[in-house]
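Proteins get letters first, then strands, A, B, ... in listed order; numbering begins at 1 in each. What's counted below: heavy atoms across the whole structure, side chains too, no hydrogens, waters or symmetry copies.
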Amino acid sequence: DGGITQSPKYLFRKEGQNVTLSCEQNLNHDAMYWYRQDPGQGLRLIYYSQIVNDFQKGDIAEGYSVSREKKESFPLTVTSAQKNPTAFYLCASSNQGARSPLHFGNGTRLTVT
Amino acid sequence: SQQGEEDPQALSIQEGENATMNCSYKTSINNLQWYRQNSGRGLVHLILIRSNEREKHSGRLRVTLDTSKKSSSLLITASRAADTASYFCATELTGNQFYFGTGTSLTVIP
């Protein structure tokens, strides 16, 4: 079955530690995205990548970093510079330029204490 | 910045009734999409309407788009308890960027 896999589902970290969230897709999509969702709020774009080895900042990129070394993978690192990292993180992918919808993973809930 | 805003924030209806939720957005768009999110899960795409379309149907879903008012509505007819979820509109700007609204939380009471 094609889809997007995010792991782990729950992640706990101490303040000051960097943490990397995994996102893998086997849909052969060119574009991949990371969104952050806070309780009762919509999704805010962190980073997106339209092609391997290229990515752009979204609205709230500060304190986050990404890489896109393979088409299938788009890991997100939450660094210690991110002031409020506790949130629900969603990864998505889509075909390029085909007005295709976003396909989402089931998210990673990160709690930093 | 948040591109879209849904209204109402929360909606509670009886099973069998229709549910209508609205979305307003700020800038010109290529298309507008509606997504559904069950609690603690990822979003699932429901329907896409292009900027040159005014209405679209898919099963029990009906979407309208008014680009002059920068608004869209999603109607779910004959609602079921399984429709309980949050619903988001998303606008696609140029460059494959998608921006989401704040969502409407729908509760369908059996």
Side-chain angles (χ1 to χ4, degrees), chain A residues 3-10 21 23-25 27 29-51 54-61 74 87-111, chain B residues 1-11 21 23-27 29-53 56 58 61 63 65 85-107:
Chain A
I4 298 183
T5 301
Q6 289 188 245
S7 61
K9 188 170 176 62
Y10 299 97
L21 282 60
C23 177
E24 303 277 332
Q25 55 102 357
L27 298 166
H29 286 168
D30 288 309
M32 296 188 74
Y33 308 78
W34 275 105
Y35 289 90
R36 169 184 172 136
Q37 186 176 31
D38 293 284
Q41 295 190 32
L43 281 65
R44 292 183 290 169
L45 182 64
I46 306 172
Y47 268 98
Y48 65 102
S49 168
Q50 296 181 335
I51 198 168
D54 188 43
F55 47 83
Q56 287 78 41
K57 293 182 180 179
D59 295 326
I60 56 166
F74 191 41
F88 189 48
Y89 290 89
L90 287 159
C91 179
S93 69
S94 74
N95 273 328
Q96 277 278 66
R99 298 192 189 94
S100 68
L102 290 171
H103 295 255
F104 281 86
N106 277 324
T108 291
R109 189 167 299 280
L110 173 64
T111 303
Chain B
S1 61
Q2 210 77 42
Q3 159 75 325
E5 189 170 316
E6 281 89 343
D7 169 59
Q9 288 189 345
L11 180 60
M21 49 207 90
C23 167
S24 59
Y25 57 92
K26 298 175 184 174
T27 63
I29 58 172
N30 288 336
N31 63 68
L32 185 143
Q33 304 176 28
W34 284 90
Y35 289 80
R36 165 196 170 122
Q37 183 182 34
N38 287 81
S39 181
R41 305 296 296 270
L43 280 71
V44 175
H45 177 257
L46 295 176
I47 193 166
L48 179 153
I49 186 164
R50 297 176 183 173
S51 58
N52 62 353
E53 296 177 314
K56 200 159 182 180
S58 175
L61 305 179
V63 169
L65 179 64
S86 291
Y87 292 82
F88 294 88
C89 67
T91 50
E92 183 184 358
L93 310 182
T94 57
N96 286 101
Q97 296 181 58
F98 295 80
Y99 287 89
F100 286 80
T102 51
T104 292
S105 175
L106 173 65
T107 301

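For a residue to count as touching a neighbouring chain, one of its non-hydrogen atoms must lie under 4.5 Å from one of that chain's; by this rule B:E6 does not touch chain A. The parts of A:L102 that come within reach of chain B are both its backbone and its side chain, each placing non-hydrogen atoms under 4.5 angstrom from that chain. When heavy atoms are compared at a cutoff of 4.5 Å, A:Q6 does not approach chain B at all.
Interface remark: of the candidates B:S86, B:G40, B:S105, B:A90, B:G40 forms the most heavy-atom pairs closer than 4.5 Å to chain A.
Under the ring pair (Phe, Tyr, Trp, His ring centres under 6.0 Å) criterion, B:F88 pairs with no residue at all, not counting sequence neighbours.
At least one test fails for A:R109 against the ring of A:Y10: distance under 6.0 Å to the centre or angle within 45° of the axis.
Under the 3.5 Å distance criterion, with hydrogens and angles disregarded, a donor-acceptor pair is assigned to the side chains of B:Y35 and B:Q33. With 3.5 Å as the limit, one finds a donor-acceptor pair spanning the side chains of B:R41 and A:N106.
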